[in-house]
Protein chains: 2
Amino acid sequence: MDDSLVTVETGFIDGMGQLADYWGYNKVVGWIYGLLYLQDGSLSLESVAEELQVSKGNISINIREAERLGMVKKVWKKGDRKDYYEAEPNLWQVIRRITRERQKKEFDFAMETIKTGLDGLELLESNTQQVRFARKRLNQMSSFLKSTNTIISGLLSLETLKGAAVQACPVRSRLPGRTSD
Amino acid sequence: MDDSLVTVETGFIDGMGQLADYWGYNKVVGWIYGLLYLQDGSLSLESVAEELQVSKGNISINIREAERLGMVKKVWKKGDRKDYYEAEPNLWQVIRRITRERQKKEFDFAMETIKTGLDGLELLESNTQQVRFARKRLNQMSSFLKSTNTIISGLLSLETLKGAAVQACPVRSRLPGRTSD
DNA sequence: TAGAGTGTTTAGAAAGTACTAAACATTAGA
DNA sequence: TCTAATGTTTAGTACTTTCTAAACACTCTA
């Protein structure tokens with residue numbers, strides 16, 4: 001194996017680790033993806049551990065997470081008991097799945113929080129300025145969340161990014177007969 | 001102060017903490033925003049610390065972060081030496097600023113990583129299948145990042161979410177004469 | 001210029017997270 | 001059924017982050 005190629009790969013793998021960390025995942029998830037993304041074919045769990053110089057147990061846990069996130073998939077070779085993994089090469093699929101999961105979790109959680117709050121406010125016998133203000137704010141947040149959720153779901157429903165001319169949308173919205181939400 | 005209102009507020013504040021944590025920020029940043037978002041007016045740093053039952057030092061650090069993120073702003077009262085803070089009520093402004101910062105950081109970093117990689121590959125005298133494959137993958141990721149960056153920048157350039165009919169875009173992309181990127 | 005009021009910084013404790021080595025479980029084949 | 005190959009789980013350690021209390025710095029006014 002060419003030494004300089006390894007240097008390049010290492011830099012890239014490291015970068016993927018940084019991004020994973022930035023998104024709140026374990027850096028090893030990023031390393032695994034980076035390593036496999038550059039691989040024309042699959043690698044066994046053990047090779048991944050060796051290449052990344054990380055314990056087998058650590059890879060076992062993080063490769064499962066990567067699989068769960070749709071970043072890698074398991075493949076088998078006939079007559080070989082090892083598990084092999086390869087990267088999902090379609091980056092839009094990867095981002096889409098991760099973002100979808102996050103979006104759903106966060107949106108549902110936030111809406112639940114707001115609903116609980118509004119219900120609590122309804123039950124109060126007092127109707128002070130304070131209470132009315134809180135109600136107003138919760139309603140504002142609720143409708144904001146609904147709008148963003150619609151937009152993000154729309155984006156995430158695209159099969160590919162081709163033609164997703166989001167930049168054009170604001171223009172479209174200013175056309176006669178289509179001016180507001 | 002109504003006890004039940006406090007209960008409702010506490011639930012909401014807690015929820016904001018969870019969301020902040022989920023986005024990779026300190027939960028106290030979320031608490032501060034939640035508290036101020038429900039406040040019709042401003043609160044001093046010290047009141048914030050008391051309400052949230054968190055040390056003054058902790059609030060000092062996290063309220064500065066919230067300010068940096070555009071979630072709260074400092075206001076002053078004549079003849080009062082305290083700093084007062086109020087929440088930015090426009091949620092789109094908040095999200096936009098936070099997302100913009102993250103997007104820029106991540107995009108620049110990823111592009112830099114890829115560029116370094118491609119430059120490194122250029123310098124190799126060998127031109128094996130491995131090297132060609134790595135080059136191909138780095139180029140794929142590069143163009144993917146450019147596309148997403150365009151889309152996200154487009155979204156973030158909107159002053160308001162009104163009319164951002166992103167859901168309509170895929171339809172638009174299937175119109176005759178506008179079928180591919 | 002002493003003292004009170006206010007926000008910031010810091011040292012160290014506490015809490016939380018991630019990692020490894022080793023034990024464990026499962027399967028396949030001898 | 002024994003052994004080797006493989007992946008998973010776990011106990012304990014190391015590392016990282018977060019938090020508080022206290023020291024500090026600044027500013028205003030008496």
Side-chain angles (χ1 to χ4, degrees), chain A residues 10 13-14 16-36 41-69 71-86, chain B residues 10 13-14 16-36 41-69 71-87 102:
Chain A
T10 304
I13 289 166
D14 230 71
M16 292 298 108
Q18 297 254 18
L19 288 177
D21 183 60
Y22 204 56
W23 278 63
Y25 301 102
N26 191 302
K27 66 179 184 296
V28 175
V29 170
W31 287 357
I32 292 169
Y33 187 71
L35 175 65
L36 294 176
S42 57
L43 290 180
S44 68
L45 187 147
E46 204 166 14
S47 327
V48 171
E50 276 164 20
E51 293 283 342
L52 299 178
Q53 297 179 64
V54 160
S55 74
K56 211 161 43 113
N58 194 346
I59 296 297
S60 172
I61 288 166
N62 285 297
I63 214 165
R64 211 181 315 149
E65 174 76 351
E67 210 183 350
R68 192 185 68 77
L69 293 170
M71 301 169 82
V72 307
K73 73 171 190 232
K74 215 185 256 184
V75 294
W76 290 279
K77 297 188 176 177
K78 281 205 187 105
D80 190 335
R81 285 167 56 196
K82 286 180 181 145
D83 294 345
Y84 287 84
Y85 293 88
E86 59 187 33
Chain B
T10 303
I13 289 167
D14 230 71
M16 293 297 109
Q18 298 254 16
L19 287 177
D21 183 61
Y22 205 55
W23 279 64
Y25 301 102
N26 191 302
K27 65 179 182 298
V28 175
V29 170
W31 287 357
I32 292 169
Y33 187 71
L35 176 64
L36 294 176
S42 57
L43 290 180
S44 68
L45 188 147
E46 205 166 14
S47 329
V48 171
E50 276 164 19
E51 292 283 343
L52 299 177
Q53 297 179 63
V54 160
S55 75
K56 211 161 46 115
N58 193 345
I59 296 298
S60 173
I61 288 166
N62 285 298
I63 214 165
R64 210 181 316 149
E65 174 76 352
E67 211 182 350
R68 193 184 68 76
L69 293 171
M71 301 168 82
V72 307
K73 73 172 189 230
K74 214 185 258 185
V75 294
W76 290 279
K77 298 189 175 177
K78 281 205 187 106
D80 190 334
R81 284 166 56 197
K82 286 180 180 146
D83 294 346
Y84 287 83
Y85 293 88
E86 59 186 34
R102 297 180 69 106

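To find a chain, count down the sequence lines: A is the first, B the second, and so on, and within it residues start at 1.
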With a 4.5 Å heavy-atom cut-off, do [X] and [Y] have their side chains touching?
{"X": "A:Met71", "Y": "A:Val29", "result": "yes"}
{"X": "A:Trp76", "Y": "A:Asp83", "result": "yes"}
{"X": "B:Tyr85", "Y": "B:Leu36", "result": "yes"}

Assess whether one donor atom and one acceptor atom, taken from the side chain of B:Arg81 and the base of D:dT27, lie less than 3.5 Å apart. yes
Quick one: [X] [atom1] to [N] [atom2], roughly how many Å, whole number?
{"X": "B:Ile63", "N": "C:dT6", "atom1": "CD1", "atom2": "P", "value": "15 Å"}
{"X": "A:Asp83", "N": "C:dT27", "atom1": "CG", "atom2": "P", "value": "12 Å"}
{"X": "A:Glu67", "N": "D:dG7", "atom1": "CD", "atom2": "P", "value": "12 Å"}
{"X": "B:Glu65", "N": "C:dT9", "atom1": "CD", "atom2": "P", "value": "14 Å"}
{"X": "A:Asp21", "N": "D:dC15", "atom1": "CG", "atom2": "C1'", "value": "14 Å"}
{"X": "B:Leu45", "N": "D:dC26", "atom1": "CG", "atom2": "P", "value": "18 Å"}
{"X": "A:Gln53", "N": "C:dA21", "atom1": "CD", "atom2": "P", "value": "12 Å"}
{"X": "A:Tyr25", "N": "C:dC19", "atom1": "OH", "atom2": "P", "value": "16 Å"}

Does C:dC19 have OP1 or OP2 sitting under 4.0 Å from an N or O in the side chain of A:Asn26? yes
Need one value for B:Lys27: base, sugar-phosphate or nothing, where a base atom within 4.0 Å counts as base even if backbone is also close, heavy atoms only. sugar-phosphate
Checking C:dT27, D:dT6, C:dT8 against the side chain of B:Arg64 (C-beta onward), the nearest is C:dT8
Closest nucleotide among C:dT20, C:dG7, D:dT9 to the A:Asn58 side chain: C:dT20
Assign each of A:Lys82 and B:Val54 to its nearest nucleotide of DNA chain D by heavy atoms, then name whichever residue's nucleotide is nearer the 5' end. A:Lys82
Hey, which sits more toward the 5' end of DNA chain D by its nearest nucleotide, A:Asp80 or A:Ile61? A:Asp80
Below 4.0 angstrom, N of the basic side chain to O of the carboxylate: do B:Arg64 and B:Glu67 qualify? no
Test side chain to side chain contact (heavy atoms under 4.5 Å, CB included) applied to B:Leu45 and B:Lys56, step by step: CA-CA 7 Å; B:Leu45 188 147; B:Lys56 211 161 46 115; 3.6 Å; yes
